[in-house]
Amino acid sequence: MPKITFIQHNGTEQTVNGLPGMSVMEVAVKNLVPGIDADCGGACACATCHVYIEPEWREKVGKRNPMEEDMLDFAFDVKEESRLSCQIKVNDTLDGLRVRVPEKQF
Ligand code: FES
């Protein structure tokens with residue numbers, strides 16, 4: 001089971017189990033990770049599932065898709081490493097993934 005660590009703005013870490021096929025956002029919501037609001041339920045229409053991918057994981061996680069790119073315009077404090085967690089599918093190669101949760105979602 002791929003493990004994913006969510007790091008809060010204050011440095012608090014929470015490591016949870018993900019299931020392949022779920023999105024990183026679904027894993028966060030299922031495990032009550034604070035700061036991932038996911039208002040649209042994963043439809044790439046709200047940008048409240050914004051996370052920052054830690055440097056060592058950026059290549060494996062991959063690039064934003066065009067719809068995600070547009071939606072990130074509405075997110076708070078977007079950086080190069082920003083992704084929408086509903087657009088990242090969990091798989092075994094992401095075991096150990098570390099993402100940071102923004103200070104706020106917008
Ligand atoms: Fe709405 Fe990801 S949950 S954009």
Chemist: Counting only heavy atoms not in Glu80, do more than 12 sit closer than 6.0 Å to its CD atom?
Modeler: no
Chemist: Glu54: what forms a side-chain hydrogen bond (donor to acceptor under 3.5 Å, both in side chains) with it, not counting sequence neighbours?
Modeler: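 Here the qualifying residues are Arg100.
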Chemist: Linking I/L/V/M/F/W/Y whenever their side-chain heavy atoms sit closer than 4.5 Å, directly or via other members, would Ile88 and Leu19 fall into one cluster?
Modeler: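 Shared cluster, yes.
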Chemist: Is Leu84 reachable from Val99 through a run of hydrophobic residues whose side-chain heavy atoms are each under 4.5 Å from the next?
Modeler: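 Cluster IDs for Val99 and Leu84 differ.
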Chemist: How far apart are the closest heavy atoms of Cys44 and Cys86, and which atoms are they?
Modeler: N-SG, 4.0 Å
Chemist: Is the number of heavy atoms from other residues, nucleotides or ligands under 6.0 Å of Lys79 NZ greater than 12?
Modeler: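 Yes, the 6.0 Å shell around NZ holds more than 12 heavy atoms from other groups.
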Chemist: Report whether Tyr52 and Leu97 are members of the same hydrophobic cluster (ILVMFWY, side-chain heavy atoms less than 4.5 Å apart, transitive linking).
Modeler: no
Chemist: For a quick check under 3.5 Å, do Asn31 and Gln14 share a side-chain donor-acceptor pair by atom type?
Modeler: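 Side chains of Asn31 and Gln14: no pair found under 3.5 Å.
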Chemist: Answer yes or no: is there a side-chain heavy-atom contact under 4.5 Å between Leu94 and Val61?
Modeler: yes
Chemist: Considering all heavy atoms of both residues, which atom of Gly18 and which atom of Met1 are nearest to each other, and what is their separation?
Modeler: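 Result for this residue pair: O-CG, 3.1 Å.
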Chemist: When clusters are formed by joining ILVMFWY residues with side-chain heavy atoms under 4.5 Å apart, either directly or through shared neighbours, do Ile7 and Val101 land in the same one?
Modeler: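 Unlinked, Ile7 and Val101 end up in two clusters.
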Chemist: Starting at CG of Asp39, measure out to CD of Gln105 and round the result to the nearest 0.5 Å.
Modeler: 8.5 Å
Chemist: Evaluate the side-chain proximity of Ser85 to Ser23: yes if any heavy-atom separation is below 4.5 Å, no if none is.
Modeler: no
Chemist: Does Lys3 have any side chain to side chain contact (heavy atoms under 4.5 Å, CB included) partners at least two apart in sequence or in another chain, and if so, which?
Modeler: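 For Lys3, the residues satisfying side chain to side chain contact (heavy atoms under 4.5 Å, CB included) (neighbours in sequence not counted) are Thr15, Asn17, Asp95.
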Chemist: Mind checking what makes side chain to side chain contact (heavy atoms under 4.5 Å, CB included) contact with Arg64, not counting sequence neighbours?
Modeler: Glu68, Glu69, Leu72, Val78, Ser82, Arg83
Chemist: So Lys89 and Met22, side-chain contact (heavy atoms from CB on, under 4.5 Å) or not? Walk me through it.
Modeler: CA-CA 6 Å; Lys89 284 284 178 220; Met22 291 177 87; over 6 Å; no
Chemist: Side chains of Asp77 and His50: does their closest heavy-atom pair fall under 4.5 Å?
Modeler: no
Chemist: Counting neighbours of CD on Glu56 that are heavy atoms of other residues, nucleotides or ligands and sit closer than 6.0 Å, is the number greater than 12?
Modeler: yes
Chemist: Determine whether Pro34 and Gln8 make a side-chain contact, defined as any pair of heavy atoms from C-beta on separated by less than 4.5 Å.
Modeler: yes
Chemist: Do you know the tightest heavy-atom contact between Phe6 and Val16?
Modeler: CE1-CG2, 3.7 Å
Chemist: Check whether Ile36 and Met71 end up in the same hydrophobic cluster, where Ile, Leu, Val, Met, Phe, Trp and Tyr are linked by side-chain heavy atoms less than 4.5 Å apart.
Modeler: no
Chemist: So does Thr93 get a backbone contact from the side chain of Asn91, meaning a donor-acceptor N/O pair under 3.5 Å?
Modeler: yes
Chemist: Can you name the closest pair of heavy atoms from Met25 and Cys49 and give their distance?
Modeler: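 For Met25 and Cys49, the tightest heavy-atom pair comes out as CG-CB, 3.8 Å.
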Chemist: If you look at every heavy atom in Thr48 and Cys46, which pair is closest and at what distance?
Modeler: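 Minimum heavy-atom separation between Thr48 and Cys46: OG1-SG, 3.0 Å.
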Chemist: Grab the two heavy atoms, one from Phe106 and one from Phe74, that are nearest each other, plus how far apart they are.
Modeler: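 What the structure gives for the nearest pair is CB-O, 4.0 Å.
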